[in-house]
J.: 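Handing you a structure now.
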Amino acid sequence: MLHTLGRFNILKRLGQGAMGEVFLGQDPAIGREVALKTIHREAAQGAEARDRFAREARAAGTLNHPNLVTIHEFGEADGVLYLAMEYVPGADLEAMLRDRVLAPVEALDILAQVCDGLAYAHQKGVLHRDIKPSNIRVRRDGERLHAKVMDFGIARVAGSDMTGTGTLLGTFGYMAPEYLQTGRPDPRSDLFAVGVILYEALAGHRPFDGDTTATVLYKLVNEEPAPLPPSDFRGISPQAGLLLAKALAKDPAQRFQSAEAMAKALRDAMDPAWAGLAGTPPTKVLARPTVPSGSQATPRRKVWPWAAALVLLGAGGAGAWAWAHRPAPVRVISLPEPEPAAPSTSVSSPVVPSATAPAPAESRTSPKTERVEPTSPKPAPKPGPAPKAPPRMTEEEAAELLNEAGRGLVDQPQGSLALCDRVLRDHPMNPRAYALKVTALYGLGRYQEMPGVLDAGKEHGVKPVQYLAFGHFTAMLREERRERRLPPDVRESILAELPVGTLRPGARALQPRFQRPSRD
Ligand SMILES: Nc1ncnc2c1ncn2[C@@H]1O[C@H](COP(=O)(O)OP(=O)(O)OP(=O)(O)O)[C@@H](O)[C@H]1O
């Protein structure tokens with residue numbers, strides 16, 4: 001074990017995270033104890049990665065709030081990058097949830113404090129991006145619980161959410177659908193994660209869970225969690241079910257629009273008499289009706305209504321085809337906005353990407369865009385004033401082009417490819433465009449080009465594992481599992497980027513969708 005790190009003495013090892021080891025250290029100058037988080041070399045390779053890390057650490061270092069773990073210092077000693085941060089004795093929320101030591105009212109209290117910390121950070125323009133129980137430290141002060149959020153912005157720079165197959169499910173289970181689909185989180189994505197934790201604290205299991213990453217991703221993007229029985233709301237308002245429905249809405253516009261508003265609702269729900277969010281009743285709540293006295297409590301539903309997902313992920317076949325071509329899911333949750341919408345889009349900071357409307361799931365709506373012909377000749381330049389650059393395509397236009405690309409994959413993969421390239425020119429961080437492009441190349445038999453697309457995506461911060469959220473891509477993987485068309489080197493390099501278990505052994509593949517390319 002290390003004895004010193006920079007100017008800090010190391011007292012003991014606190015644990016191991018996805019990014020590296022964490023030590024309890026002491027600053028000899030002032031005797032202050034600190035937690036020293038080291039960052040393993042692969043996570044911070046190259047000058048650019050280090051710069052990004054330093055930038056993010058600086059952004060997190062500006063945060064000073066009782067519900068956030070303070071970052072004291074970012075440094076490097078003997079080639080080891082480290083963060084020195086406030087040491088918070090106590091436990092992390094993950095352990096508390098695992099041991100089921102929290103009463104529902106305590107869970108609400110902790111998460112309200114988490115929202116207080118998030119509200120402050122969001123106002124400063126800093127997103128967390130990886131809210132999950134293991135990033136929340138909880139200390140007991142006599143009767144009172146005190147929560148502090150750690151690791152602001154770190155997930156983005158270190159990619160800790162994507163490293164190691166063992167940690168994938170844990171983190172993905174908290175990611176907001178729009179983050180998975182567009183790679184662009186906004187403050188409401190952090191709040192979605194708080195909703196997931198609340199559900200987990202009340203129910204004892206996560207709302208979107210599964211044996212494989214693909215299952216979890218599918219559920220996050222497409223499925224509503226099972227309603228909770230009244231017994232899960234003991235000691236708090238049963239109307240917390242409304243709160244959960246709002247927090248876990250797939251569409252960020254239907255969620256709490258600010259961490260302050262969510263903190264208030266969480267505190268309100270601590271009162272068993274709370275009547276719920278003001279306004280018209282929601283069409284959907286995440287609490288089951290109270291069981292009439294005398295009748296037997298309904299057993300908690302263990303089986304999810306996920307036939308479609310299981311067909312895709314476990315059995316393949318025509319179900320997968322149908323899934324990949326499903327109409328966009330209809331969302332029925334419509335809850336009143338209790339607070340004036342101060343959407344997160346107003347937050348501006350170098351570390352916060354502008355909020356965008358999430359790309360819709362691949363749908364059958366007819367696009368209003370024109371087809372892009374890849375071979376159309378360029379018009380000859382005209383003399384006169386320099387032509388204006390065409391305006392950048394909007395997110396909505398990009399989504400429509402990609403809908404069209406998805407529809408054309410089987411019959412017109414060449415056209416789909418051109419549409420993806422067109423979108424990527426203006427939106428090089430769009431994961432759906434990369435996923436569709438790889439799939440189109442597969443359909444065209446241009447296998448050797450596939451790894452290059454994954455690499456291009458990675459250069460823009462898109463992780464190949466994000467492609468598992470897209471039906472066409474997973475359908476293509478299943479087909480490849482059966483058909484084995486890819487040359488071994490290409491197959492290996494693609495699957496190496498995806499989590500183990502993406503394709504379950506024994507799962508049946510699709511009926512071929514893509515023509516086997518002719519050999520000439
Ligand atoms: N500031 C801190 N004060 C006290 N203990 C800490 C602090 N930071 C981390 N720890 C402890 O160190 C261990 C590793 O933490 P770390 O945050 O690296 O990993 P993790 O949260 O389990 O996973 P991940 O890296 O995916 O976030 C955990 O047991 C955590 O509770």
Side-chain angles (χ1 to χ4, degrees), residues 1-2 5 8-27 32-44 53 56-57 60-61 63-75 80-99 101 110 113-114 117 121 127-141 145-175 179 185 190 193-194 196-197 200 206 213 216 463 465 499:
M1 191 181 88
L2 291 169
L5 195 55
F8 299 101
N9 295 324
I10 290 185
L11 305 179
K12 66 173 182 178
R13 185 176 177 275
L14 290 172
Q16 171 83 46
M19 282 198 303
E21 287 181 296
V22 182
F23 300 98
L24 174 63
Q26 192 182 40
D27 182 340
R32 177 168 65 184
E33 287 187 332
V34 291
L36 295 166
K37 181 167 242 187
T38 60
I39 292 110
H40 62 62
R41 288 168 210 271
E42 304 94 80
F53 207 95
E56 289 291 331
L63 303 177
N64 182 10
H65 186 275
N67 297 113
L68 305 181
V69 171
T70 308
I71 304 281
H72 297 310
E73 194 174 305
F74 170 65
V80 179
L81 292 177
Y82 65 87
L83 280 170
M85 64 181 105
E86 177 185 0
Y87 170 61
V88 187
D92 60 47
L93 185 58
E94 185 178 38
M96 298 176 101
L97 294 183
R98 197 176 45 236
D99 299 343
V101 295
I110 287 171
Q113 294 180 47
V114 167
L127 295 184
H128 191 288
R129 297 162 198 269
D130 195 18
I131 289 285
K132 57 182 175 178
S134 69
N135 278 336
I136 298 167
R137 296 284 300 170
V138 182
R139 186 162 43 94
R140 257 188 205 279
D141 274 341
L145 290 162
H146 192 139
K148 280 181 185 266
V149 182
M150 327 191 270
D151 285 355
F152 258 87
I154 303 301
R156 186 165 90 125
V157 284
S160 66
D161 47 338
M162 305 294 174
T163 55
T165 51
T167 57
L168 280 170
L169 294 182
T171 296
F172 277 125
Y174 302 92
M175 275 190 189
Y179 188 18
D190 282 348
V194 176
V196 175
I197 300 174
E200 184 177 359
R206 290 191 200 133
T213 306
V216 174
K463 322 266 177 182
V465 75

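Atoms within each ligand, like the ligands themselves, are counted from 1 in listed order.
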J.: Quick one: which of Val22, Val34, Asp92, Ile71 has a heavy atom closest to atom 28 (C) of ligand 1?
T.: Asp92
J.: Just how far is it from atom CG of Leu24 to atom CG of Asn9, taken to the nearest 0.5 Å?
T.: 11.0 Å
J.: Which of the atoms in ligand 1, numbered in the order shown and given with their element, are less than 4.0 Å from a heavy-atom of Tyr87?
T.: 3 (N), 4 (C)
J.: Show the nearest heavy-atom pair for residues Met96 and Ala91, with the distance to one decimal.
T.: CG-CB, 4.2 Å
J.: Taking atom types as modelled, find out whether Arg32 and Tyr87 have a side-chain donor-acceptor pair closer than 3.5 angstrom.
T.: no
J.: Answer side chain, backbone, both or neither: which part of Ala35 comes under 4.0 Å from ligand 1, heavy atoms only.
T.: side chain
J.: Please say whether Asp130 places an N or O atom under 3.5 Å from an N or O atom belonging to ligand 1.
T.: no
J.: Rounded to the nearest 0.5 Å, what separation is found between the CG atom of Asp151 and the NZ atom of Lys37?
T.: 3.0 Å
J.: Quick one, Leu97 with Ile197, criterion side chain to side chain contact (heavy atoms under 4.5 Å, CB included). Give me CA distance, side-chain angles, the key distance, then yes/no.
T.: CA-CA 9 Å; Leu97 294 183; Ile197 300 174; 4.2 Å; yes
J.: Should Val88 be counted as touching ligand 1, given the test is an N or O pair under 3.5 Å?
T.: yes
J.: So, is Glu94 polar-close to ligand 1, with some N/O to N/O distance under 3.5 Å?
T.: no
J.: So is Lys132 close enough to ligand 1, meaning a heavy atom under 4.0 angstrom away?
T.: yes
J.: What do the steps show when you test Asn135 against His128 for side chain to side chain contact (heavy atoms under 4.5 Å, CB included), and what is the final call?
T.: CA-CA 10 Å; Asn135 278 336; His128 191 288; 3.7 Å; yes
J.: Please identify each residue that fulfils side chain to side chain contact (heavy atoms under 4.5 Å, CB included) with Glu21, with sequence neighbours left out.
T.: Arg13, Gln16, Phe23, Thr38
J.: Just jot down the ligand 1 atoms closer than 4.0 angstrom to any heavy atom of Asp151, in number order.
T.: 17 (O), 27 (O)
J.: For ligand 1, which atoms sit closer than 4.0 Å to a heavy atom of Met85?
T.: 1 (N)
J.: Would you tell me which option among Glu86, Arg13, Arg137 has the nearest heavy-atom contact to atom 30 (C) of ligand 1?
T.: Arg137
J.: Exactly one of Val114, Val194, Val69 should register a side-chain contact (heavy atoms from CB on, under 4.5 Å) with Val149. Which one does?
T.: Val114
J.: Under a 4.0 angstrom heavy-atom cut-off, which atoms of ligand 1 come close to Lys37?
T.: 16 (P), 17 (O), 18 (O)
J.: Under 4.0 Å from a heavy atom of Asn135: which atoms of ligand 1 are those, numbered in the order shown and with their elements?
T.: 21 (O), 27 (O)
